[in-house]
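Report on the following structure.
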Amino acid sequence: MSYRYGEYRDGPDPLAPPYDVRSALDQMGDAVLSGSNPGHALRDLLKQGLPGARDRRGLDDLLREVRRRRRELRERGRLDGTLERARALLDKAIGQERSELFPDPSDDARLRESELDGLPDDTASAIQELSTYQWRSAAARQTFEELRGLLRREVLDSQFRGMREALANPDPAAMERVREMMSELNDMLDRDARGEHTQDDFENFMSKYGDMFPESPRNLEELVDTLARRAAATQRLLASLTPRQREELNALINQTLEQAGMGEQMRRLGESLYSRRPDLAWNTPERLTGDDPMGMGDAVTALDELADLTQLEAALRQDYPGARLDDIDEGAIRRALGRAAVDDLEALRQIERELEQQGYLRRQRGKLELTPKAVRRLGETALRRVFASLESGRRGDHDQVDAGAAGELTGSSRPWRFGDEQPIDVVRTVVNGVRRGGGGAVTLSVDDFEVAETERRTAAAVCLLVDLSYSMALRGTWAAAKQTAMALQALVSSKFPQDSVQIIGFSNYARVLQPDELAGLEWDMVQGTNLHHALLIAGRHLDRHPDFEPVVLVVTDGEPTAHLRRNGSAAFEWPPTQETLELTLAEVDKMTRRRATLNVFMLAEDERLKEFVNEVARRNGGRVFSSSADRLGEYVVSDFLRTRRAR
């Protein structure tokens, strides 16, 4: 036996490894950590394509291909090719007839010449009058029959793609078969309108006339869609011509159909198709800029493809509310760009599905959100970036390989939990493995591990106060602040699980930010920097943990410009009033009495801000950092670790 090997072409590689959805989440995370929301981040991912996926195009690549294809179609040729060719054949037939009549001195010849001289100017009317003319010249008669055959093929091909080839050498039996097909098609559509159509009816129809439909529709709905799009393209062709050209071509179409005995059947079909697909652009003119004249069938095919590409372009842009990849017509992609583009689209759809199915994304009231699982991963990514920027061995570096003391042993043990720093109780761990294994070979699982309990070590109550005011966005510092908040949250939850962290955002008011909302968090388009309210909330968090060491970190780009009134409303004024400054500094004094060191990270060089934070440092004893946005995370995390180790 002999074998031949070649490149696999029928769809995606069946041996390719599954796409790593975590890579897609990380790429989305780049946008989210830069300040984008999850919906925009996913849209950007799908537009750019899948990271690391071989030969997998994104929506932008497909969109460029669609636009290139549209340009090619628009430059293909002119729409009046059938009219031009019909006029040329008509002139040729008349010229041949005059050549035959000229040598003849008889009155009949002069009468015929007079009849030819009196023909109407428009092509359709001239052909109509010549349809009963008795040609003297055999060559002229043959040319006129060629003209009528051309019109018959072009008109039918404009309605049924591929009919031109089927009628290349027509005979009465072939035309009769076309008439029978149209009659049975209309009857089938009528039965479907009454609810009496079955799939067997369609299959019987296709077994008789399937060669007339090269698109090979699988059911009546697909057949109707194909015919309706082509009929709509024919109407767009007429709408794209000049009024005189439109009148001439329309008359030629009607005349040709009537002479072929199909006028009534075509009217029935047109009405049925329009009633089923009124959403198509039936009378929208198109402009083609090519120089070569196109036949009617080719022009209709080009306009049909242009309509497909126009709808496809709108779907690929995905710039409308609630846009989904499912909105993109796979059939239109296949017709316009081929099978490879369908595979690319399916890969994009798969990654969108997997992000939701694997619990990284969810939709709430039509809005895309990151799940807590995704937020944890993005927080870890933000933390890795912060540590990557720290110099190796520098004070504050958190990657340590030596074991740390966790307090004096109490003699008891408990199951291990992620983040525990207590030493492993080896005996209890092995005993658990033996019991679970039933006396055979000992294999340990995570559930077998126990740690030795130690005396309680000092925990910290951490408050990170993040400015959400609009000025943070204007200065380009908001993305760094959000990334810093996520990094600190990830650090405390993973490395210091005994600590209690609270992140507070403040603009005209302050509010506690939950970990799972950090990724989708956006700045507030309001005026006001209400540090007074943020310190009030932070103070309540510290008071709920009186035995914890207090850590308060403030990230801001402006001095306080708002405070909370007694009735709970916010008072804003710029420049800040004396009342705002006094109330804010009063909360700073309360932090000092709680033994909470308040460190401030300035993201602007404003003189009034410097004056305020220097007063905070004088009253509280905390430190002031003037950090650029790209090093904010490094400063905050390093300072937290320095404070944590100092205790």
Side-chain angles (χ1 to χ4, degrees), residues 35 463-482 484-485 502-513 517-518 521-543 550 552-594 596-629 632 636:
C463 294
L464 175 62
L465 282 54
V466 181
D467 193 342
L468 303 182
S469 63
Y470 190 45
S471 61
M472 294 281 285
L474 293 177
R475 289 193 171 103
T477 56
W478 164 239
K482 181 165 74 168
T484 298
Q502 185 175 77
I503 298 177
I504 302 167
F506 62 95
S507 53
N508 58 340
Y509 289 93
R511 66 183 188 274
V512 176
L513 304 176
E517 70 174 305
L518 286 175
L521 188 64
E522 298 183 7
W523 62 84
D524 295 334
M525 295 186 64
V526 295
Q527 292 178 313
T529 303
N530 199 338
L531 182 58
H532 169 243
H533 191 192
L535 290 171
L536 280 172
I537 296 176
R540 289 197 291 269
H541 178 67
L542 299 183
D543 292 342
V552 181
L553 310 170
V554 180
V555 176
T556 184
D557 70 340
E559 61 186 322
T561 57
H563 66 269
L564 210 60
R565 297 190 181 101
R566 291 183 180 275
N567 62 4
S569 63
F572 165 75
E573 192 71 37
W574 191 90
T577 64
Q578 190 63 29
E579 183 181 9
T580 296
L581 295 175
E582 289 177 354
L583 288 173
T584 304
L585 290 174
E587 289 303 317
V588 172
D589 293 339
K590 291 181 183 178
M591 288 294 177
T592 304
R593 291 194 291 272
R594 293 186 180 100
T597 301
L598 209 157
N599 292 340
V600 182
F601 300 84
M602 294 193 309
L603 295 177
E605 294 295 330
D606 183 71
E607 291 299 325
R608 299 175 65 95
L609 175 60
K610 290 181 180 179
E611 183 179 339
F612 171 76
V613 297
N614 287 334
E615 178 62 18
V616 170
R618 187 187 68 80
R619 289 170 176 253
N620 177 265
R623 297 195 299 168
V624 175
F625 299 87
S626 181
S627 169
S628 60
L632 175 63
V636 171

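FYI, side chains are in, hydrogens and waters are out, and symmetry mates aren't considered; it's all heavy atoms of this structure.
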Passing option when Leu464 is tested against Val554, Val555, Val552, Ile504 for side chain to side chain contact (heavy atoms under 4.5 Å, CB included):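 Result for side chain to side chain contact (heavy atoms under 4.5 Å, CB included) with Leu464: Val555.
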
Rounded to the nearest 0.5 Å, what separates atom [atom1] in [X] from atom [atom2] in [Y]?
X      : Y      : atom1 : atom2 : result
Asn620 : Arg593 : CG    : CZ    : 11.5 Å
Leu583 : His533 : CG    : NE2   : 12.5 Å
Arg618 : Leu585 : CZ    : CG    : 9.0 Å
Leu531 : Leu564 : CG    : CG    : 12.5 Å
Glu587 : His563 : CD    : NE2   : 12.0 Å

Derivation of the side chain to side chain contact (heavy atoms under 4.5 Å, CB included) call for Glu559 and Thr580: CA-CA 10 Å; Glu559 61 186 322; Thr580 296; over 6 Å; no

Name of the residue among Thr592, Asn614, Asp589 meeting side-chain hydrogen bond (donor to acceptor under 3.5 Å, both in side chains) with Arg619: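 Checked Thr592, Asn614, Asp589 against Arg619; only one passes side-chain hydrogen bond (donor to acceptor under 3.5 Å, both in side chains): Asp589.
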
Working for side chain to side chain contact (heavy atoms under 4.5 Å, CB included), residues Ile537 and His541: CA-CA 7 Å; Ile537 296 176; His541 178 67; over 6 Å; no

Side chains of [X] and [Y]: closer than 4.5 Å at any heavy-atom pair?
X      : Y      : value
Phe612 : Thr556 : no
Asn508 : Asn530 : no
Glu615 : Leu581 : no
Leu598 : Leu535 : yes
Leu468 : Phe506 : no

Considering all heavy atoms of both residues, which atom of [X] and which atom of [Y] are nearest to each other, and what is their separation?
X      : Y      : value
Tyr509 : Ser569 : OH-CA, 3.4 Å
His532 : Ala562 : CB-O, 4.3 Å
Thr561 : Pro576 : CA-CB, 4.2 Å
Ala538 : Leu465 : CB-CD1, 4.0 Å
Gly539 : Met591 : N-CE, 3.5 Å

